[in-house]
Colleague: 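Could you have a look at this structure, given as structure tokens, before my questions?
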Amino acid sequence: MANEKPWSGRFTEPTDAVVENFTASVKFDRRLYRHDIMGSIAHARMLAHVGVLTEKDRDVIIKGLQDIESEIDAGNFAWSTELEDVHMNIEARLIVRIGEIGKKLHTGRSRNDQVATDLRLYLRDGVDAVIRATVTLQNVILDLAEREANTPAPGYTHLQIAQPVTFGHHLLAWFEMLARDADRLSDCRRRLNIMPLGAAALAGTSFPIDRSYAAKLLGFDAPAENSLDAVSDRDFAIEFVSNSALLMTHLSRMSEELVLWSSTPFDFVELSDAYCTGSSIMPQKKNPDVPELVRGKTGRVYGHLVALLTLMKGQPLAYNKDNQEDKEPVFDTLDTVLGSLQVFAGMIPSMTVKRENLARAAASGFSTATDLADYLVRQGVAFRDAHEIAGKAVRLAIDTERDLTQIDIKEYRKLTPAIGEDVFDVLSVEGSLKARAHLGGTAPVQVQAAIIRARQRIKKFGQ
Ligand code: ARG
């Protein structure tokens, strides 16, 4: 019978209907079908390579599996909850399609090494997609940074205006966060690309399998060294979700800045209408829904990370059914991260940068007070004294409602004779920016040089 459970031999009673529903994973693990079939084809090839399957049987099995893949692609596959999961659904269908030969596919294999292999194959593609989407966003950020390399903007600490920066420099900070995320993901990919297949249920198999041969067929770097570990640990999935959580942290911080910047008091950028929605009651509202949602979705990825860590922590070796719960968090993390990266890559180039407002804010808040102190140090004043004198200048400016450029030289010289006419060069925003011309600094020339280096650096991801 097509829907009879492949493991029903030792059972005398049918599975309770509620239990059947409770234990089945096919409603979500069907997403693995392509990778499951890929793994099965490699397994069949390997079995024929070592003489466990005839070449004729191998070819019939492969053809059957390919036909099933086409059926699923076309939406013509009847998934069955009684058959529990993606693996047994496909195997049962194979037996229906090709008959007795189909029953030989599972020789020397277990669903335990099968599912661990499937998930690694699936996540390998997933990680590659996330890296690609990250690099796409990085490119978009670099293009904007290049356009805004000379644009003065306020730099903050404690969300108080601290020192002027160039807007391009700020954007390059976003670039760096994402660069580390992409690096972490490619590091995760290295550990992920190890093949569990051949571990069978837990102890390996009595057949003369050639694991290196199968690994090569599937593009794995090597077979896993230990069969118990291979079927049991999901640390590769945890790493992926952990790397994703950190990536979402970065997107969430960027989102928070976009929400602030597009608010009326800041008014530094305007997000395009295509990335905002209105209010059903307040006609004037244009809300930054997209960055808000990315910020909000960060929470669900954190949740998935905690779910996976908790899932793993109590498990004795080797496989336990707990591990079936690894899939939904992994899938949802992948969807959330890819969706967030994609929407960001469209939103950033379509927003309007309000340069005058940025420049005005950059000049406010006595943002060049540090430059005044640095100037005094160059005139021979010790830094602590220079700090004190610059502080007094700020006090005077606050009391007389002026900024530092509006205090005249006589007043400055009353604070200290060390100040000369040339102080006004360093008090301007342009002067302040230009002075920070070391590696990693905010001066326009440094930003331009950093962009060139950044473009070189992301070439390693082949985009
Ligand atoms: N659906 C199962 C999972 O996702 C496949 C492995 C089942 N193995 C078992 N011994 N019940 O983990």
Side-chain angles (χ1 to χ4, degrees), residues 3-11 13-16 18-40 42-43 65 68 72 77 79-95 105-126 192 194-205 218 224 226-238 240-241 304 307-334:
N3 280 3
E4 197 175 294
K5 292 178 181 25
W7 44 253
S8 62
R10 60 100 71 215
F11 285 76
E13 276 186 75
T15 316
D16 179 277
V18 173
V19 171
E20 191 158 84
N21 232 334
F22 185 73
T23 53
S25 53
V26 67
K27 38 184 186 308
F28 51 83
D29 69 13
R30 66 176 71 170
R31 254 175 92 150
L32 295 172
Y33 78 91
R34 205 180 289 285
H35 300 88
D36 188 71
I37 288 172
M38 193 188 294
S40 289
H43 181 65
L65 287 167
I68 291 171
I72 302 174
F77 189 93
W79 296 101
S80 134
T81 305
E82 293 99 271
L83 288 169
E84 228 176 286
D85 56 24
V86 62
H87 323 292
M88 296 206 297
N89 266 268
I90 292 175
E91 191 186 346
R93 179 70 187 144
L94 183 70
I95 294 165
L105 171 64
H106 212 52
T107 312
R109 181 175 80 165
S110 151
R111 274 186 297 154
N112 296 352
D113 60 341
Q114 187 178 356
V115 70
T117 302
D118 291 3
L119 193 61
R120 283 175 185 262
L121 286 171
Y122 181 90
L123 255 188
R124 188 173 68 188
D125 284 348
L192 183 150
I194 298 294
M195 187 190 74
L197 205 60
L202 75 160
T205 170
L218 291 169
N226 180 286
S227 65
L228 296 169
D229 175 52
V231 292
S232 152
D233 210 337
R234 296 292 184 263
D235 57 355
F236 62 95
I238 298 175
F240 166 69
V241 177
H304 295 324
L308 287 187
L309 286 167
T310 314
L311 173 73
M312 204 70 240
K313 76 180 272 291
Q315 289 193 46
L317 288 170
Y319 176 86
N320 301 281
K321 188 78 164 183
D322 312 44
N323 278 344
Q324 182 165 290
E325 285 289 302
D326 63 1
K327 294 179 195 60
E328 287 165 294
V330 165
F331 295 156
D332 189 68
T333 296
L334 191 58

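Both counts, for ligands and for their atoms, begin at 1 and track the order of listing.
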Colleague: Quick one: does ligand 1 sit under 4.0 Å from the side chain of Q114, the backbone, both or neither, non-hydrogen atoms only?
Modeller: neither

Colleague: Which atom pair, heavy atoms only, marks the closest approach of V86 to D29?
Modeller: N-OD1, 3.0 Å

Colleague: With a 4.5 Å limit on heavy-atom distance, are the side chains of L202 and Y319 in contact?
Modeller: no

Colleague: Return the residue, atom name and 0.1 Å-rounded distance of the protein heavy atom closest to atom 2 (C) of ligand 1.
Modeller: Q324 OE1, 3.3 Å

Colleague: Does any N/O atom on N112 come nearer than 3.5 Å to any N/O atom on ligand 1?
Modeller: yes

Colleague: Give the residue, atom name and distance (to 0.1 Å) of the protein heavy atom nearest atom 5 (C) of ligand 1.
Modeller: D85 OD2, 3.5 Å

Colleague: Distance under 6.0 Å and angle within 45° of the ring axis: does R31 meet both against Y122?
Modeller: no

Colleague: What's the shortest distance from atom 12 (O) of ligand 1 to any protein heavy atom, and which residue and atom give it?
Modeller: Y319 OH, 2.4 Å

Colleague: Given side chains that start at C-beta, do those of M88 and R111 come closer than 4.5 Å, heavy atoms only?
Modeller: yes

Colleague: Would S40 and R109 count as a side chain to side chain donor-acceptor pair (under 3.5 Å) if you check the C-alpha gap in whole Å, the side-chain angles of each, and the deciding distance to 0.1 Å?
Modeller: CA-CA 10 Å; S40 289; R109 181 175 80 165; 2.9 Å; yes

Colleague: Looking at ligand 1, does any of its N/O atoms fall within less than 3.5 Å of an N/O of K327?
Modeller: yes

Colleague: Starting from atom 11 (N) of ligand 1, find the nearest protein heavy-atom neighbour and note its residue, name and distance.
Modeller: R111 NH2, 3.5 Å

Colleague: Can you name the atoms of ligand 1, numbered from 1 with element, that are less than 4.0 Å from a heavy atom of S25?
Modeller: 1 (N)

Colleague: Do the non-hydrogen side-chain atoms of W7 and E84 ever get within less than 4.5 Å of each other?
Modeller: yes

